[in-house]
Structures are given as structure tokens and as C-alpha cells.
Asker: 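Structure provided below as C-alpha cells; questions to follow.
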Protein chains: 2
Amino acid sequence: MVTIKDIAREADVSPSTVSRVLSNKKDFFNPATAAKVRKIAKKLGYRKNTLAANLVKKKNNIIVVVISSVETNFSDQIIKGIQSEAQGIGYDIMYMYTHTTNEEEHKHILETLISRQISGILFVSVILEKENITLLDAAKIPYIFVSIKPDNEHMVIGSDDQEIGYLATKYLINLGHKIIGLAGVDAYPYAGFSRIKGYQRALDEFGIEANEKYIFYGDYSYNSGSQAIKYYHENFSSLTGIVAASDSCATGILNYAYDHKIKIPEEYSIITIDGTNLCNITRPRLTSVTQNFRKMGSLGVRKLIKLMEGKVNTKNKSIFVPVKIDVRSSTARLTR
Amino acid sequence: MVTIKDIAREADVSPSTVSRVLSNKKDFFNPATAAKVRKIAKKLGYRKNTLAANLVKKKNNIIVVVISSVETNFSDQIIKGIQSEAQGIGYDIMYMYTHTTNEEEHKHILETLISRQISGILFVSVILEKENITLLDAAKIPYIFVSIKPDNEHMVIGSDDQEIGYLATKYLINLGHKIIGLAGVDAYPYAGFSRIKGYQRALDEFGIEANEKYIFYGDYSYNSGSQAIKYYHENFSSLTGIVAASDSCATGILNYAYDHKIKIPEEYSIITIDGTNLCNITRPRLTSVTQNFRKMGSLGVRKLIKLMEGKVNTKNKSIFVPVKIDVRSSTARLTR
DNA sequence: CTGAAAGCGCTAACAA
DNA sequence: TTGTTAGCGCTTTCAG
């Protein structure tokens with residue numbers, strides 16, 4: 001393995017000079033020497049040992065994105081956002097997969113990141129446990145949460161979930177729907193809970209009485225969706241609108257409907273939350289409250305870098321990326 | 001930052017002893033000292049600086065998976081396979097995203113991996129250019145291709161594409177179809193080309209004349225699918241079977257059919273290649289030649305580790321993971 | 001602009 | 001079982 005010393009010997013300069021040239025410390029070397037050094041480096045097939053450099057600099061120019069399993073069909077968009085921001089920022093971006101919640105696994109990951117002097121961490125759809133947060137804070141590695149947050153102390157770059165629930169519900173109300181289900185959300189803080197609040201706020205605003213029985217709890221999954229519409233269909237003939245907790249959930253609804261010859265949007269108007277590509281692939285296409293996942297990713301990287309440079313403090317308030325409604329074909333004005 | 005020296009001082013032993021204890025070199029320390037050292041390490045909140053350790057060991061216990069953009073809806077399964085194999089192998093697994101082909105970007109990634117002394121690399125759906133292979137070989141980092149390979153010299157852990165084309169086509173033939181389209185494949189080596197060969201071999205075997213006009217070239221995408229069925233529908237009334245190049249492609253076919261009131265499987269039998277979850281989500285559900293992506297991932301890790309341990313040579317033949325046919329509802333016996 | 005010297009934090013012979 | 005010594009490959013004062 002070729003080292004800086006080998007080059008120094010061959011170029012008849014000191015290792016320090018080689019180091020300066022190779023790490024491009026401008027104004028600290030003479031162009032002629034530089035040229036010579038670079039030529040020899042190339043000739044010898046020199047590869048810098050970044051490990052050694054990092055050891056002395058006490059930092060590793062890597063940002064690690066810790067991301068929860070690929071289940072969620074929006075993580076690809078967040079990744080795209082991150083990647084789009086990755087050019088020329090002076091850091092390499094690497095990813096590690098984990099489960100959304102799994103204290104031991106998270107701990108292991110954090111320990112390897114800490115011991116490798118990672119520069120910064122982006123948690124995407126990962127809920128970090130209290131102990132692990134303590135661990136991370138002690139190590140003084142800057143980090144940011146994207147999409148979901150572990151508690152109310154930390155900021156997150158995500159969507160305003162209450163707003164999402166509110167907008168979705170209001171959209172259906174404005175189409176004339178009065179009995180509206182909310183399908184597949186969970187009751188835990190923070191996403192599910194907030195969406196429920198938004199849903200209730202919208203009903204309230206239009207003088208419609210919210211009724212707990214129209215909320216079908218679940219886990220945002222395809223199956224939650226199928227089960228929800230089954231529940232609605234078998235129990236409430238007057239229910240005509242459904243807010244689906246996620247695109248997968250909405251797809252479950254759509255397919256149950258298809259399989260049971262229930263017409264969408266004639267019998268039920270469905271509005272989904274997320275607005276991933278799935279919405280264009282289903283038939284009918286799904287009307288959605290669309291989150292800007294790409295933006296979350298790019299913003300996450302930008303904020304993290306600011307944090308690493310000490311230009312911003314963690315205690316900052318959460319950043320909400322605007323959502324929008326994309327009208328497609330799964331919703332219709334109520335005619336009955 | 002607490003170092004091994006601090007612990008040594010406090011424990012009144014030498015740094016080497018601390019090192020031995022902390023890196024668990026059994027039989028090289030006495031349990032009593034070990035206990036003392038560990039206690040102090042804990043008390044001081046010691047975190048090992050892996051960078052320093054790696055510098056002297058000249059290796060970084062990280063396997064990096066270089067994976068092409070998240071577009072492909074099967075990469076999540078490969079990742080799951082990789083992750084399932086990741087426990088207790090003594091390496092951490094990190095991922096980097098890149099485009100399938102992009103020489104400059106690949107070069108940059110390789111350089112950072114080499115300079116960081118990464119232990120091994122898994123390329124998933126990435127085509128490495130000749131120059132970059134040279135670069136990598138010079139650095140002597142073991143690597144393996146999963147899903148696709150860059151040339152014929154290198155092994156790949158993937159599916160037998162010719163077999164896939166053959167099985168898919170034969171399945172339709174056995175249902176009575178005679179005029180069969182192949183939709184959305186590309187003509188490049190190696191996947192597309194091999195699938196075409198398999199397709200032709202099946203036709204041949206049953207005495208059906210292969211005709212180039214029934215192959216609709218594309219890029220495995222949703223759009224390729226829509227365009228393909230449009231092409232078939234407008235030009236060949238006798239064509240009744242379609243082999244779709246991918247699940248996305250098949251979904252494009254299905255949706256075009258739906259939008260144009262073409263009945264599947266009554267008017268066309270569709271068999272798709274991949275067999276991802278998408279096949280269960282579409283209506284009708286897609287019959288598929290299913291690849292075992294999960295297995296590719298786990299096998300990839302296993303093989304790579306063997307390679308890193310010098311137990312196997314790269315020049316090994318490709319490993320084909322068996323495929324199977326999953327019959328769902330997009331295919332039917334030809335009755336006309 | 002360049003060199004000498006020191007050291008980042010750890011491990012690995014070698015001796016004891 | 002433990003300590004001593006040297007050094008991984010690089011960067012960085014400090015002098016010159």
C-alpha cells in the first residue's frame with residue numbers, strides 16, 4: 001500500500017508537504033512542487049487512507065441516515081430528497097436500516113456510529129428511545145428526525161398531521177359528505193393522534209358531531225384498510241366518506257370494494273393520506289392529501305448540516321413541510 | 001473524550017491491558033483486572049474509537065451495499081434478505097445509493113469506500129464500468145454482484161433470466177395461447193437479452209414461429225407496459241398472451257386495459273416477471289414468474305463473507321436462485 | 001513555502 | 001497475565 005511517505009521519498013520532499021498538496025491546503029505549497037507530488041501520487045497509484053486522516057481530525061465526514069425498514073412506500077421519496085441534496089456538501093451519505101422501534105438494535109447502531117465518529121445522523125421514520133437519546137447526546141453527535149419524532153422535546157421535519165387530518169376531512173365535507181370514517185390510524189402520539197384531532201376539528205367546524213365509532217384504528221396497512229371498509233360497510237349504511245390513513249390503507253379499501261362489487265367513488269368517497277405514486281396506479285386513482293417527502297429529505301440534510309456547523313440549535317421548533325390536495329378519481333360529490 | 005489511557009491510569013494498569021480487556025482477547029487477562037477495567041470504563045463513559053483500531057488493523061468492519069435507486073420495487077426485498085443475514089456476522093452493513101449506470105458517481109463512491117478501508121462491497125442492481133472494476137480490483141476489496149452483472153467475467157447472484165423467459169412463455173402456451181407478446185424488455189445484455197432467448201426457446205419448443213414484431217422493447221417501466229398493450233391491441237387482433245418484463249410493466253398493461261375497457265384475462269392473459277407484492281395489489285391479481293429476491297440478498301451477504309475470508313474465488317460461476325410460477329388471476333385458458 | 005517532530009487512539013509483538 | 005515499545009498513515013503546530 002502506497003503511503004504519503006513513499007511519495008515524499010520519491011518526490012524528495014517531506015511527508016508534510018505531500019499531505020498539504022494532497023489535501024489541497026492552498027497557499028501552503030508551491031505549484032511546481034504540487035504538480036510533481038500529484039504526478040508521483042498518480043504514478044504510484046496512491047489512495048489516501050481516510051481512516052488515518054479522520055483519526056487526527058477526530059471526525060469522519062459521513063452522515064448516516066438511519067431509516068426504518070423499507071415497508072413504507074414513501075421512504076424512497078425521502079431518500080431521493082436526501083440524495084438530491086448530497087452533491088458537493090463535503091459529506092458522504094450512508095444508510096442503515098432498522099426497525100421503527102427496537103431499543104437494542106438502535107443502541108447497537110448508535111454505538112457503532114459513535115465509535116466511528118460519524119459526523120451527523122438523520123433518523124427517518126425511526127423512534128429513538130429515551131436511553132438512546134441520552135447516549136447520543138453524550139456523544140455530542142448532531143442529529144435530526146425526519147417524518148416522525150420520539151417526543152415533544154425534539155424537532156422533526158415532517159408534515160403537520162393535524163392539518164392533514166383536517167384538510168382531508170374538510171375536503172370530503174365540502175363534497176357533501178356528513179358521515180365520514182377515519183380508517184387505519186393508530187392512537188399513539190404523534191401522527192395518528194394528531195390526524196384524529198384534525199379530523200375532529202373539521203367535523204366540529206361544520207357542526208357535524210364526531211363519533212368515535214367512525215374511527216377504525218389500525219396500523220396504516222393494506223389490511224387495516226380492507227378491514228375498515230368491511231366494518232363500515234357492514235355497520236353504517238349512511239357512511240359515505242372515508243379518510244384513509246395511508247396510501248396502502250386506501251389501496252386495501254379499494255380492493256375490498258372491488259372484490260365486493262362496491263363502487264368507488266359512487267358508494268364511498270375515499271381520500272388518502274400520503275400521495276405516493278400508488279395513487280396513480282390504482283383504479284380509480286386515489287385523491288390524496290399529498291405530503292412532500294422529497295422536500296423532507298432534502299431539508300433534513302440541509303438542517304443537519306447547519307446543526308453540525310453550529311449554526312442552529314436543536315431546540316428549534318419543528319419544521320412543517322406544506323401538504324397539498326391532489327384530486328383524482330376516488331372522491332365525488334355526494335348526490336343522495 | 002475518554003481514552004484507553006485514562007482508564008489505564010485510573011485502573012493502574014497499562015493501556016495494553018485495557019485494550020486487551022476491552023477488545024475481549026480472552027485468555028490474555030485475569031478476570032479480576034478485567035472486572036476492574038470494565039467498571040472504570042463504564043464509569044468514565046468510555047467509547048472506543050473504532051477509527052483508531054481500524055487504522056492499526058488496516059480494516060474497517062463494514063460491508064457496504066451499493067444499490068441503485070429505489071425505483072425498482074424489488075430492492076426492498078433484497079434489502080430485507082441482506083438485513084436478515086446481518087446478525088452476528090461481525091460486520092456492520094451500510095448502504096449507499098447510486099444510479100444503475102453513472103461512471104463518475106460510481107468512481108467517487110468507490111474511492112471513498114477504498115480510502116475508508118471498507119471490508120467488502122455488494123453491488124445490487126448496479127452495473128460497474130470496466131475502469132471502476134479495475135480500480136476496485138487494484139484495491140483488493142472483495143465484492144459481489146447481486147441481481148445484475150456488468151459482464152460475463154463476473155459472477156452474479158440472481159435469477160436465470162433465460163429460464164424466466166422460457167417458463168413465462170411456456171406457461172401461456174400451455175394455456176393454449178399461440179400468439180404471445182413480450183413487453184417492456186430491453187435488448188441489452190444481460191437480463192433482457194436472456195429473457196428474449198428464453199421466450200424464443202419456448203415458442204420454438206412448441207413449434208410456434210417467433211416473430212420479432214411481437215417483442216415490444218422498453219425499459220421495464222409502467223409506461224413501457226401501457227405502450228406495449230396499446231401497440232398489441234391496435235395491431236394484432238390474434239395476439240392473446242403477454243409476458244410482461246416486470247411487475248410495474250404489467251401494472252401499466254393492466255391499467256391501460258382497465259382504462260380502455262379491455263378485459264383481463266378474458267381478452268389477454270398477462271404473466272409478469274418478478275412477483276413482488278404489487279401482484280397481489282392489482283386487480284386482477286397478476287400471475288407471475290416470481291424471483292426470490294430475499295434469497296439473493298441473504299446469499300449475497302453469505303458469499304461475500306466467504307470471499308472476504310478467502311474461502312472462495314471470484315471466478316466462481318454465477319449462482320442462480322430458483323424462480324417459481326405463482327398463478328393468480330391475470331391468466332386464463334384460451335377458449336376461442 | 002517547506003521540514004521536523006509530535007501525536008490522534010488504538011493494537012501487537014516482544015519481554016518479562 | 002502484564003507492561004514496554006513501536007507504529008498504523010495522516011495532519012498539524014512550530015521553526016526556519
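Here is the naming used below: chain letters follow the sequence lines, and residue numbers restart at 1 for every chain.
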Asker: Just by distance, no angles: are the side chains of A:Lys149 and A:Asn152 close enough, under 3.5 Å, to form a donor-acceptor pair?
Answerer: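 Yes.
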
Asker: Once you round it to whole Å, what is the distance between C1' of C:dG3 and CZ of A:Phe28?
Answerer: 15 Å

Asker: Output one letter per nucleotide in nucleotides 8-16 of chain C: B when a protein non-hydrogen atom lies under 4.0 Å from the base, S when only the sugar-phosphate is that close, - when neither is.
Answerer: BBBBBB---

Asker: In whole angstroms, how far is the P atom of D:dC10 from the CG atom of A:Asn24?
Answerer: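 About 16 Å, once rounded to whole Å.
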
Asker: Using atom types as modelled and distance alone, determine if a side-chain donor or acceptor of A:Asn54 lies under 3.5 Å from a backbone N or O of A:Thr50.
Answerer: yes

Asker: Send over the distance from A:Lys26 NZ to C:dC1 P, rounded to a whole Å.
Answerer: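 Spelled out: NZ on A:Lys26 to P on C:dC1 is 13 Å.
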
Asker: Tell me if a side-chain donor or acceptor on B:Asn132 pairs with a main-chain N or O of B:Glu129 at a distance below 3.5 Å.
Answerer: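 Side chain of B:Asn132 to backbone of B:Glu129: no pair is present.
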
Asker: If you take all heavy atoms of A:Ser159 and A:Met296, which pair is closest and at what distance?
Answerer: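 Result for this residue pair: OG-CE, 3.2 Å.
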
Asker: Within the structure, does a side-chain N or O atom of B:Thr17 lie under 4.0 Å from either OP1 or OP2 of D:dG3?
Answerer: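 Affirmative; the distance criterion is met.
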
Asker: Whole Å only: how far is the CG atom of A:Asn60 from the C1' atom of D:dC10?
Answerer: 14 Å

Asker: Could you report the tightest heavy-atom contact between A:Met308 and A:Ile63, atom names first, then the distance?
Answerer: CE-CD1, 3.7 Å

Asker: How long is the line joining CD1 of A:Ile7 and C1' of C:dG3, in whole Å?
Answerer: 17 Å

Asker: Using a heavy-atom cut-off of 4.0 Å across all strands, would you classify A:Phe29 as base, sugar-phosphate, or nothing?
Answerer: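 Answer is sugar-phosphate: A:Phe29 comes under 4.0 Å of backbone atoms only.
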
Asker: Of all heavy-atom pairs between A:Pro15 and A:Ala8, which one has the smallest distance, and what is that distance?
Answerer: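 In this case the closest contact between A:Pro15 and A:Ala8 is N-CB, 3.6 Å.
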
